[in-house]
Amino acid sequence: MTDTPQPKSDSLDGPIRLLGIETSCDETAASVVEGGRKILSNIVASQADIHAQYGGIYPEVASRQHVITIYPIVEQALQQAHLTLEDLDGIAVTRGPGLSGSLVVGLNTAKGIALANELPIIGINHLEAHIYSAWLDSPDRSVERDPEFPLLALIVSGGHTELALMTDHLEYQRLGGTLDDAAGEAFDKVARLLGLAYPGGPAIELAAEGGNERAFSFPRAWLEDSWDFSFSGLKTAVLREVRRLEETDLPLPVNDLAASFQAAVVDVLVNKTLSAAREFSAKDILIAGGVSANQALRQNFHDNPEFTVHIPPLELCTDNAAMISGAGYYRYIDGQRDDLNIDALPNWPLSELT
Ligand code: KG4
Ligand code: ZN
């Protein structure tokens with residue numbers, strides 16, 4: 001059964017509209033999405049500039065910044081959608097994984113609004129939400145049609161690198177994930193080594209544009225016979241090369257180092273995903289999460305003629321609340337309604353969803 005699940009209860013009169021709230025990391029975001037695909041508003045306030053001075057996310061600063069920003073962002077999301085809370089069917093909110101202090105801010109905001117307006121809340125897994133960004137309408141969608149099952153999903157973000165087979169809506173079989181650093185984390189750490197700004201992914205991508213990806217042959221951890229990934233050896237190899245080069249009087253070839261590092265990450269991500277898609281006879285491939293904004297990764301996937309590859313438009317790759325409302329729709333029509341006493345789940349794996 002690959003059709004969209006049908007509503008089990010509640011409003012059959014008119015499209016289902018959910019407010020989405022996302023505060024799992026350093027983006028404070030709110031959005032209204034209709035029917036899991038039509039984005040009526042999508043507001044994201046990034047704290048990246050604030051955390052850049054620390055060279056990474058400072059968790060306590062992140063939660064306090066969410067406290068300041070969340071209500072104005074929710075108001076903006078409603079205003080931009082030309083709706084009031086009375087027009088909504090529920091609130092989808094990120095429950096995990098993520099930073100606990102940050103998740104709690106979004107959860108409590110959702111609970112307060114839900115209680116005051118008699119709306120149901122739906123706690124959403126952030127990784128599942130990244131996947132559902134591929135169903136959101138956008139003029140910049142990489143593929144016109146929706147993804148088809150069985151679907152091979154690669155989620156590459158700052159905290160996760162996960163490979164999963166999706167057999168139907170809301171059904172996942174986890175194949176593997178990173179054994180150490182997540183792909184985005186590797187970008188962030190290597191950027192720091194190269195003296196580039198936080199967040200490291202966009203900075204490395206920019207530096208790599210002017211570099212030669214064959215200048216350094218960095219290791220690829222293929223981890224044969226497993227669908228797992230490992231990026232810490234690659235990071236250490238870059239560190240060793242930087243130390244060696246620093247002992248010379250020559251300027252650090254940042255562009256070549258960035259390009260060679262990026263090529264190694266892309267090579268492993270693309271080839272392991274394609275192998276898994278063949279092995280499990282997937283119809284389509286889906287890439288999501290912040291690292292899927294990377295142009296080299298996008299291009300390499302699009303260059304393969306074997307599979308249709310769904311990659312969200314850039315603004316939906318990195319953290320946003322439209323994806324939370326999008327996943328919320330599928331959970332809502334599946335009947336999920338959560339109690340007002342739900343807690344944050346900072347380490348909530350995708351494998352626990354089915
Ligand atoms: O999904 P996301 O916004 O937040 C998490 O759920 O973690 O992903 C953020 C990660 C960061 O590590 C950032 O450096 C990386 O995505 N990222 C990129 C690019 N844009 C963001 N990595 C590589 N290339 C990019 N263009
Ligand atoms: Zn994310």
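As the structure lists them, so they are numbered: ligands from 1, and atoms in each ligand from 1.
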Answer yes or no for A293: is there a heavy-atom contact with ligand 1 below 4.0 Å? yes
Between R141 and D146, is the closest basic N to carboxylate O distance under 4.0 Å? yes
Ligand 1 versus H160: contacting region, heavy-atom distance under 4.0 Å: neither
Per-atom contacts, ligand 1 versus G159 - under 4.0 Å to a heavy atom: 7 (O)
Suppose we measure from atom 20 (N) of ligand 1 to each protein heavy atom; which comes out shortest, and what is that distance? G290 O, 3.4 Å
Out of A182, G56, G201, S157, whose heavy atom sits nearest atom 18 (C) of ligand 1? G201
In ligand 1, which numbered atoms sit nearer than 4.0 Å to a non-hydrogen atom of G184? 12 (O)
Atom indices of ligand 1 within 4.0 angstrom of H126 heavy atoms, with elements: 6 (O)
Proximal ligand 1 atoms for P202, defined as those under 4.0 Å from one of its heavy atoms: 19 (C), 20 (N), 21 (C), 25 (C)
Which atoms of ligand 1 have any heavy atom of E205 under 4.0 Å away? 24 (N), 25 (C), 26 (N)
Checking the side chain of R331 only, and the main-chain atoms of R337 only, is there a donor and an acceptor separated by less than 3.5 Å? no
Quick check: does any side chain N or O of D188 sit under 3.5 Å from a backbone N or O of G200, one acting as donor and the other as acceptor? yes
D319: which N/O/S atom is nearest the Zn ion (ligand 2)? OD1
Count the heavy atoms of every other residue, nucleotide or ligand shown that sit under 6.0 Å from OH of Y58, and state whether that count exceeds 12. no
Decide whether an N or O pair under 3.5 Å exists between G158 and ligand 1. yes
Look at the side chain of T308 and the backbone N and O of D284, then say whether any donor-acceptor pair between them is shorter than 3.5 Å. no
Degrees at the Zn ion (ligand 2) between the NE2 atom of H126 and the NE2 atom of H130, nearest 10°: 100°
Pairs of nitrogen or oxygen atoms closer than 3.5 Å, one from E27 and one from ligand 1: do any exist? no
Give the atoms of ligand 1, by number and element, whose distance to some non-hydrogen atom of H130 is under 4.0 Å. 1 (O), 6 (O)
Verify the distance test for H160 against the Zn ion (ligand 2): any N/O/S atom under 2.8 Å, yes or no. no
Assess whether atom CZ of R145 is packed by more than 12 heavy atoms of other residues, nucleotides or ligands within 6.0 Å. yes
Taking everything shown except R64 itself, do over 12 heavy atoms lie less than 6.0 Å from its CZ? no
In a check of side-chain contact (heavy atoms from CB on, under 4.5 Å) between L350 and each of M166, H130, E128, which one passes? E128
G289 N/O under 3.5 Å from ligand 1 N/O: no
Residue, atom and distance of the protein heavy atom nearest atom 4 (O) of ligand 1 read D319 OD2, 3.0 Å
Can you name the nearest heavy-atom pair linking A327 to A129, along with the distance? CB-CA, 3.8 Å
When you check the gap from the basic side-chain N to the acidic O, do R37 and D137 get nearer than 4.0 Å? yes
Approximate separation, where rounding is to 0.5 Å, of I324 CD1 and R95 CZ: 13.5 Å
Backbone or side-chain N or O of P199 under 3.5 Å from ligand 1 N or O: no
For atom 14 (O) of ligand 1, the closest protein heavy atom turns out to be D188 OD1, 2.7 Å
Nearest to atom 24 (N) of ligand 1, what protein heavy atom do you find, and at what distance? N294 ND2, 3.0 Å
Crowded around E306 CD? As in, over 12 foreign heavy atoms under 6.0 Å? yes
Is it the case that atom NZ in K111 sees more than 12 heavy atoms from other parts of the structure closer than 6.0 Å? yes
Min N/O separation T318 to ligand 1 under 3.5 Å: no
